[in-house]
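In what follows, a single structure is set out as structure tokens and then discussed.
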Amino acid sequence: MALTISELARSGGVGVETVRFYQRKGLLRDPRPGGVGGTKGQRHYADEDVRRLGFIRSAKAAGFILDEIAELLGLDASDDRARAREMAEARLAHLDSEIAALERARQSLRRLAGECAGSKAGPCPIIEAFEEKRGG
């Protein structure tokens, strides 16, 4: 199957500029001769490019940054499962930390909303709490 850049982008659920960005970052191949400039005409992509774009999207959805995705793509070729597992565990630890912070924020907002609903007198506890954080 030979796809144009717009067909590749559409199959991956991204825009053409995203495909070009991934090419500039070295995550996707540029099918033009020499990778840049090259001959005029359409770029043609194969099934492997669709698979790779899907991998990039999935890794991004899991929270990996582009440098980590590039490393994971290299690990796929070298079959270094230990390093891939290490990266996944580090990503999990980071996500756990973010989840804990979000849960603390949720609890705080729940408490403030309850305080706000409990009384109509005095300053709004929600606004007051945010002003304290800004000032302190």
Side-chain angles (χ1 to χ4, degrees):
M1 160 174 68
L3 300 173
T4 63
I5 192 168
S6 62
E7 292 168 334
L8 173 65
R10 194 171 24 261
S11 75
V14 299
V16 169
E17 286 307 312
T18 300
V19 171
R20 290 183 178 131
F21 175 76
Y22 290 157
Q23 288 173 332
R24 287 191 301 274
K25 293 294 183 180
L27 299 174
L28 285 174
R29 73 181 181 90
D30 187 338
R32 294 176 296 182
V36 207
T39 61
K40 292 191 182 233
Q42 289 188 326
R43 305 169 192 194
H44 292 283
Y45 299 87
D47 290 337
E48 174 59 24
D49 299 305
V50 174
R51 184 192 76 76
R52 194 170 177 109
L53 181 56
F55 178 91
I56 294 166
R57 297 251 349 233
S58 295
K60 279 186 61 62
F64 287 99
I65 62 172
L66 294 181
D67 288 342
E68 292 169 330
I69 293 170
E71 184 176 353
L72 286 169
L73 286 166
L75 294 174
D76 184 38
S78 70
D79 202 29
D80 186 349
R81 289 183 178 195
R83 176 63 183 141
R85 185 174 49 255
E86 178 184 306
M87 292 178 71
E89 289 169 351
R91 176 61 33 210
L92 280 170
H94 181 76
L95 288 173
D96 287 343
S97 173
E98 288 182 339
I99 290 168
L102 287 170
E103 286 176 347
R104 286 189 301 275
R106 174 197 268 166
Q107 290 170 356
S108 178
L109 283 172
R110 209 173 254 150
R111 180 184 51 76
L112 289 169
E115 290 175 12
C116 188
S119 171
K120 293 189 187 230
C124 172
I126 296 171
I127 295 170
E128 193 173 59
F130 293 145
E131 285 177 344
E132 287 174 11
K133 289 195 184 253
R134 187 179 59 196

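- Nearest heavy atoms, Ser6 versus Val16: CA-CG2, 3.8 Å.
- You'll find the side chain of Tyr45 stays beyond 4.5 Å of the side chain of Val50, heavy atoms only.
- Residue-environment remark: CG (Leu95) exceeds the threshold of 12 foreign heavy atoms within 6.0 Å.
- Between Leu112 and Glu128, every side-chain heavy-atom pair lies at or beyond the 4.5 Å cut-off.
- Pairing each heavy atom of Ala113 with each of Ile126, the nearest pair is CA-CD1, 4.2 Å.
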Please table the atom pairs, donor to acceptor, closer than 3.5 Å between any side-chain atom in residues 83-92 and protein atoms at least two apart or in another chain.
| unit_1 | atom_1 | unit_2 | atom_2 | d |
| --- | --- | --- | --- | --- |
| Arg83 | NE | Glu71 | OE2 | 2.6 |
| Arg83 | NH1 | Glu86 | OE2 | 2.5 |
| Arg83 | NH2 | Glu71 | OE1 | 3.2 |
| Arg83 | NH2 | Glu71 | OE2 | 3.2 |
| Arg91 | NE | Gly63 | O | 3.2 |
| Arg91 | NH1 | Gly63 | O | 3.1 |
| Arg91 | NH2 | Gly63 | O | 3.4 |
| Arg91 | NH2 | Glu68 | OE1 | 3.1 |

Before you tell me yes or no, could you show the steps for Arg20 and Ile5 under side-chain contact (heavy atoms from CB on, under 4.5 Å), namely the whole-Å CA-CA distance, both residues' side-chain angles and the distance that decides it to 0.1 Å? CA-CA 9 Å; Arg20 290 183 178 131; Ile5 192 168; 3.8 Å; yes
Residues Glu103, Arg106; criterion salt bridge (Lys or Arg N to Asp or Glu O under 4.0 Å); working and verdict: CA-CA 5 Å; Glu103 286 176 347; Arg106 174 197 268 166; 5.6 Å; no
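- Between the side chain of Arg57 and the backbone N or O of Gly12, at least one donor-acceptor pair lies under 3.5 Å.
- Nearest approach of Ile69 to Ala59, heavy atoms of both residues: CG1-CB, 3.6 Å.
- With respect to Arg10 and Glu7, no salt bridge is recorded, no charged nitrogen being found less than 4.0 Å from a carboxylate O.
- Residues Arg81 and Asp79 are in side-chain contact: their nearest non-hydrogen atoms beyond the backbone lie under 4.5 Å apart.
- In this structure, Cys116 SG and Arg111 CZ are separated by 12.0 Å, a value rounded to the nearest 0.5 Å.
- Between His44 and Leu3 the shortest side-chain heavy-atom distance does not fall below 4.5 Å.
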Does Arg51 form a side-chain contact (heavy atoms from CB on, under 4.5 Å) with Asp47? I'd like the steps, not just the answer. CA-CA 6 Å; Arg51 184 192 76 76; Asp47 290 337; over 6 Å; no
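- Side-chain atoms of Gln23 do not come within 3.5 Å of backbone N or O of Leu28 as any donor-acceptor pair.
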Hey, mind stepping through Val14 and Phe21 against side-chain contact (heavy atoms from CB on, under 4.5 Å) and telling me if it holds? CA-CA 11 Å; Val14 299; Phe21 175 76; over 6 Å; no
Please determine whether side-chain contact (heavy atoms from CB on, under 4.5 Å) holds for the pair Leu53 and Tyr22, giving the CA-CA distance in whole Å, both sets of side-chain angles, and the decisive distance to 0.1 Å. CA-CA 9 Å; Leu53 181 56; Tyr22 290 157; 3.8 Å; yes
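- Within the 3.5 Å criterion, the main-chain N or O of Phe55 finds no donor-acceptor partner in the side chain of Ser58.
- Legend: residues meeting side-chain contact (heavy atoms from CB on, under 4.5 Å) with Ser78, ordered by chain and number and at least two apart, are Leu75, Asp80.
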